[in-house]
**Student:** 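Handing you this structure, nothing more for now.
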Amino acid sequence: YSNDGGETWEQAQTPVRSSLLSIDFPTPEQGWAAGHEGVILHSSDGGKTWEKQYDGIQYATEGLAFYQKLAGEEPDNETIPPLVEEMKLAIEQGADRPFFKVRCQSDTRCNALGAYGMTVVTFDGGKTWENNMYRNENENFNHMYDYAPLPEPGRYFIAGEAGLLLIADINERIGRRIHSVPWEGSFFSSAATADGAIVMGGLRGRMFRTADEGTTWTAVEKPATSSIIAAIRLSDDRLLAAGAAGEILVSSDNGFHFSL
């Protein structure tokens, strides 16, 4: 962590050796990090020290108990038995499933998503985490990689594996699948533009842009690169995208064009 704008860095104290893939601070002091082995960490001192709140073992065991209970309450719901079997498989495999992204709406509410469609939410600052896979239209349990906020508060664009795209509404607590995808490859990154559009990046350097929540798409003009694995909007509204081979691309026109 750094307290001087990145001039110097100190190693933070963490309780795990798992690779961490995502971090989000909804306030200067309160932050969450997520990564491999289904780990979710929390910091209450600006990132100096961290405590573990959740891991892949809890995800599997608590998820199985939750969906077995739900199956008993909703015996005619055909979407629940596959989730029971998925949790049993997760128990057999151990804590090997990573969270790819954590996003917090406040210092009490956060969502995390990851491999094989795993999604969890907390409403109490991480004291408890709820498995909410059953709320997403992802029956094949495809990986879910990234969020990007839509203009309407509480709505997010989710990028995933094999052309999986969802619009998630945290108020309705549902993720609806978008079927008009520009191609069937995986999308690893998504970013919201200043004019309300979404730019997606993924395998083979492919990038696409939608200004109508996925109804129509345009291919982004850019040089050939490796797979796009990260994208972000800066404070000056430029977009940055990163390739797996170390390329950094910049857009100054809301994602219509990127240059190295």
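Just so you know, these numbers come straight off a predicted model, no measurement behind them.
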**Student:** For Asp146 and Lys101, run salt bridge (charged side-chain N to carboxylate O under 4.0 Å, His left out): C-alpha distance rounded to whole Å, both residues' side-chain angles, the deciding distance at 0.1 Å, then the answer.
**Tutor:** CA-CA 6 Å; Asp146 201 8; Lys101 196 75 172 184; 3.2 Å; yes
**Student:** CZ of Arg204: more than 12 outside heavy atoms within 6.0 angstrom?
**Tutor:**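 For Arg204, atom CZ is not crowded (no more than 12 foreign heavy atoms under 6.0 Å).
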**Student:** Do we see a donor-acceptor contact under 3.5 Å between the side chains of Asn132 and Thr119?
**Tutor:**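 Yes.
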**Student:** Rounded to the nearest 0.5 Å, what separation is found between the CG atom of Leu165 and the CH2 atom of Trp217?
**Tutor:**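 It comes to 5.0 Å.
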**Student:** Report the C-alpha distance between Asn140 and Leu164 in whole Å, list the side-chain angles of each, state the deciding distance to 0.1 Å, and finish with yes or no for side-chain contact (heavy atoms from CB on, under 4.5 Å).
**Tutor:** CA-CA 10 Å; Asn140 293 324; Leu164 176 69; over 6 Å; no
**Student:** Around Glu73, counting heavy atoms of other residues, nucleotides and ligands shown, do more than 12 lie under 6.0 Å from its CD?
**Tutor:**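 Yes - once you tally the heavy atoms of other residues, nucleotides and ligands closer than 6.0 Å, there are more than 12.
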**Student:** For the CD1 atom of Ile91 and the OH atom of Tyr59, what is their distance to the nearest 0.5 Å?
**Tutor:**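 The OH atom of Tyr59 is 10.5 Å from CD1 of Ile91, to the nearest 0.5 Å.
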**Student:** Would you sort out whether Asp55 and Glu37 count as a side-chain contact (heavy atoms from CB on, under 4.5 Å), showing the intermediate values?
**Tutor:** CA-CA 6 Å; Asp55 61 30; Glu37 285 79 52; 5.9 Å; no
**Student:** Regarding Thr225 and Glu247, is there a side-chain donor-to-acceptor distance under 3.5 Å anywhere?
**Tutor:**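 Checked: Thr225/Glu247 side chains show no N/O donor-acceptor pair below 3.5 Å.
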**Student:** Using the ring centroid of each side chain, check whether Tyr116 and Phe141 are separated by less than 6.0 Å.
**Tutor:**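 Ring-ring flag for Tyr116/Phe141: false, centres at least 6.0 Å apart.
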**Student:** Leu41 versus Glu51: any side-chain heavy-atom pair under 4.5 Å?
**Tutor:**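 In short, these two side chains do not touch, never coming nearer than 4.5 Å.
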**Student:** With a 4.5 Å cut-off on side-chain heavy atoms, are Gln53 and Thr122 touching?
**Tutor:**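 No, too far: nothing below the 4.5 Å cut-off.
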**Student:** To the nearest 0.5 Å, how far apart are OH in Tyr134 and OG1 in Thr79?
**Tutor:**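 Answer rounded to 0.5 Å: 10.0 Å.
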**Student:** Would you say that more than 12 heavy atoms from the other residues, nucleotides or ligands in this model lie under 6.0 Å from the CD of Gln13, or not?
**Tutor:**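 Counting neighbours around CD of Gln13, 12 or fewer heavy atoms of other residues, nucleotides or ligands fall under 6.0 Å, so no.
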**Student:** Tell me, yes or no, whether the heavy-atom count around Ile232 atom CD1, taken from other residues, nucleotides or ligands under 6.0 Å, exceeds 12.
**Tutor:**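 No.
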